[in-house]
Amino acid sequence: MASAYITTISKKYPSFRDEPLKTVHRWLDAKRQDDGAEGLWRIHDTLYDFTDFIERHPGGPEWLRLTKGTDITEAFETHHITLRAEGLLGKYKVRDATGPRAVRLTFRDDGFYRTLKRRVRDKLKDVDHTPAKRSKLIIDSMLTAAFGLAFLAIRLGSYTLGAASGLFVCWTMIGAHNFFHQRDNWRMLTFNLAFSSYREWRVSHAMSHHNFPNSILDLEISYFEPYLCWLPNPALKGPVKRIAAWVYGPLVYSLLFYGEFVKRLVETYQTGKNTFFLDDLVTLILPTFMYVVGATSLWEVVKMWLFIVLVASFLFGLIGLNAAHHHPKAVHDGDQIPADIDFAVYQMAAVIDRSDTKGSQFMVLTSFGDHCLHHLFPTLDHGILPQLYPVFFETCREFETVYREMPWLQQIIGQHKQLARVETTTYNPSEKFA
């Protein structure tokens, strides 16, 4: 019956979503206006004051500093698997919230997510943590390869080697995504190699996309509008744009990193608030290295560096935008989903995993693999996730919710179909994937 379904997880249209310049800071401003956190931190229906805890937060102070005045329910649930953080909440409680949450996702004790989290909590006592060390070795090796190939490219004047360096820059940055979800560490800084910022992505990716994928609250959806429109909304994309996006999509991929830098420059100019930090200088390490060891002109270094960034940006877009979400079978805002939907069930509705990365930790780290489990437990190293599949599949069977996966080629084809899709669909968690 119609009343059993909803078309969006947001109870109101997000403030500032349709402003031309979409930034992480404006997204946080909207959350502070819409979430009913009353200038504090909201978890479920309770308000907390973590001001005195910010500098002592084990994951790093930035997570709490950025989210003050917002509802952090989803982030709190997914970032704290043990009961330690929950046990500390009473100390910082201020009062009950005066209004309902702005998001419809649920976390009932007997629901899918809480049940799975209890099982994962028990499983983690026995997991082999060696693969987490391997993740560090893999990203360190990719970083070394990126610099080594850049050295050869500039010394030999080879743009073919430059393209190879761009590939490893891309892989390193995707691998860094594994680390900026975790407590502060130096490897998260490698995400800044090519004009990007782990700080910005901790908001747009970890706080926005991870918690509310494929919804109107997802910055990784709204960032690309009006050029790439994945929501099945005819008002966003006319018949020409639906097909034209297939043609100019690769250009968007190629300019992705440059666009991030320009957007921050424009935001700094418009607001008068500096959006750059000392760690953004990481972007200059590779070209500086090329200049020092290359024994060539500065102009040749600049050209090669910009080419490396161009290649890295294109590959990052190609891999990232075809990784798990944008397929007609994946739920997007506007599609029908069960009302009162559990957080984990919604994540499974919006994610279709890549089947061709399974079993390879390198492939998983460089292609956003094991995506569904990563959305559910983002702070766990990618290397550990395969050991959680038995309890995950057990929970899927218990709650009659189907886990879905497909090869990358089908993801790419599906992403282009999604750009053209305007018809809405109805998601049935127990429906077998055809």
Minimum heavy-atom distance L47-A37, with the two atoms named: CD2-O, 3.6 Å
Carboxylate-amine/guanidinium contact E267 K273, below 4.0 Å: no
Check: L265 and F276 side chains under 4.5 Å, non-hydrogen atoms: yes
CD (E400) with more than 12 external heavy atoms under 6.0 Å: no
Atom pair CD/OG1 of E405 and T357 - distance to nearest 0.5 Å: 8.5 Å
Atom NZ of K12 with >12 non-hydrogen neighbours under 6.0 angstrom: yes
Nearest heavy-atom neighbours spanning W201 and S204: CA-OG, 3.5 Å
Salt-bridge present (R108, D340; N to O < 4.0 Å): yes
F314 and Y253 aromatic ring geometry - parallel, tilted or perpendicular at 30°/60° bounds: tilted
K329 and E431 ion-paired at < 4.0 Å: no
Side-chain donor/acceptor of R32 to backbone N/O of G69, under 3.5 Å: no
E200 side chain vs V24 backbone, donor-acceptor pair below 3.5 Å: no
Polar side-chain atom of R404 near backbone of A349 as donor-acceptor pair, under 3.5 Å: yes
Side-chain donor/acceptor of R95 to backbone N/O of T46, under 3.5 Å: no
T106 side, atom OG1; I9 side, atom CD1 - distance, nearest 0.5 Å: 11.0 Å
K133, NZ: over 12 other non-hydrogen atoms inside 6.0 angstrom: no
Between H327 and Q411: side-chain donor-acceptor atoms closer than 3.5 Å: no
Between E38 and T98: side-chain donor-acceptor atoms closer than 3.5 Å: yes
Mutual orientation of the aromatic rings belonging to F399 and F112 [parallel < 30°, tilted 30-60°, perpendicular > 60°]: tilted
Intermediate values then yes/no, side chain to side chain contact (heavy atoms under 4.5 Å, CB included), V391 and V120: CA-CA 7 Å; V391 295; V120 167; 4.2 Å; yes
Can I get a per-line list of side-chain donor-acceptor pairs under 3.5 Å for residues 369-386, giving both atom names and the distance, sequence neighbours left out?
unit_1: D370; atom_1: OD1; unit_2: Y389; atom_2: OH; d: 2.6
unit_1: H371; atom_1: ND1; unit_2: F368; atom_2: O; d: 2.9
unit_1: H371; atom_1: NE2; unit_2: H325; atom_2: NE2; d: 3.0
unit_1: H371; atom_1: NE2; unit_2: H375; atom_2: NE2; d: 3.2
unit_1: H374; atom_1: NE2; unit_2: H177; atom_2: NE2; d: 3.0
unit_1: H374; atom_1: NE2; unit_2: H181; atom_2: NE2; d: 3.4
unit_1: H374; atom_1: NE2; unit_2: H210; atom_2: NE2; d: 3.2
unit_1: H375; atom_1: ND1; unit_2: H210; atom_2: O; d: 3.4
unit_1: H375; atom_1: ND1; unit_2: Q347; atom_2: OE1; d: 2.7
unit_1: H375; atom_1: NE2; unit_2: H209; atom_2: NE2; d: 3.4
unit_1: H375; atom_1: NE2; unit_2: H325; atom_2: NE2; d: 3.3
unit_1: D381; atom_1: OD1; unit_2: S135; atom_2: OG; d: 2.6
unit_1: D381; atom_1: OD1; unit_2: G383; atom_2: N; d: 2.7
unit_1: D381; atom_1: OD2; unit_2: N178; atom_2: ND2; d: 2.9
unit_1: H382; atom_1: ND1; unit_2: N178; atom_2: OD1; d: 2.8

Close side-chain approach of K91 and F53, heavy atoms under 4.5 Å: no
Taking every non-hydrogen atom, the tightest pair across M173 and A194: SD-CB, 3.8 Å
Close side-chain approach of M363 and W408, heavy atoms under 4.5 Å: no
Residues in salt bridge (Lys or Arg N to Asp or Glu O under 4.0 Å) contact with E260, at least two apart in sequence or another chain: K263
Member of T23, D280, N274 meeting the side-chain hydrogen bond (donor to acceptor under 3.5 Å, both in side chains) criterion with R264: D280
Residue pair V94 / Y48: nearest heavy atoms and the distance that separates them: CG2-C, 4.0 Å
Side chain to side chain, N211 and T78, heavy atoms closer than 4.5 Å: yes
Nearest-0.5 Å distance, OG of residue S313 to CG of residue L255: 6.5 Å
Close side-chain approach of D126 to Q387, heavy-atom, < 4.5 Å: no
Pair D342 + R114: basic N to acidic O under 4.0 Å: no
Derivation and outcome, side chain to side chain contact (heavy atoms under 4.5 Å, CB included), residues L251 and Y227: CA-CA 11 Å; L251 178 62; Y227 306 106; over 6 Å; no
Considering all heavy atoms, the nearest R42-G36 contact: NH1-O, 3.3 Å
Rounded distance [0.5 Å steps], NE2 in H332 versus OG1 in T8: 13.0 Å
W41 and its side chain to side chain contact (heavy atoms under 4.5 Å, CB included) partner, picked from D71, T73, T67: T67
Nearest-0.5 Å distance, NZ of residue K417 to CH2 of residue W246: 9.0 Å
Whether Y403 and F392 hold their rings parallel, tilted or perpendicular, with breakpoints at 30° and 60°: perpendicular
Euclidean distance, W186 CH2 relative to K136 NZ, rounded to 0.5 Å: 10.0 Å
Taking every non-hydrogen atom, the tightest pair across M406 and Q410: SD-CB, 3.5 Å
Carboxylate-amine/guanidinium proximity below 4.0 Å for E398 and R119: yes
K241 NZ: over 12 foreign heavy atoms closer than 6.0 Å: yes
Check: E423 main-chain N/O paired with R421 side-chain donor or acceptor under 3.5 Å: yes
Residues which pass salt bridge (Lys or Arg N to Asp or Glu O under 4.0 Å) with K125, listed by chain and number, not counting sequence neighbours: D122
Atom CZ of R56 with >12 non-hydrogen neighbours under 6.0 angstrom: yes
N-O pairing of D34 and R17 below 4.0 Å: no
Pairwise side-chain contact, T70 with M207, heavy-atom cut-off 4.5 Å (strictly under): no
Flag side-chain contact, heavy atom, 4.5 Å: W63 against I72: no
Test item: F50 and K68 side chains (from C-beta on) under 4.5 Å apart, heavy atoms: no
S165 side chain vs A146 backbone, donor-acceptor pair below 3.5 Å: yes
Atom CZ of R121: over 12 foreign heavy atoms under 6.0 Å: yes
Between H44 and E77, a side-chain donor and acceptor under 3.5 Å: yes
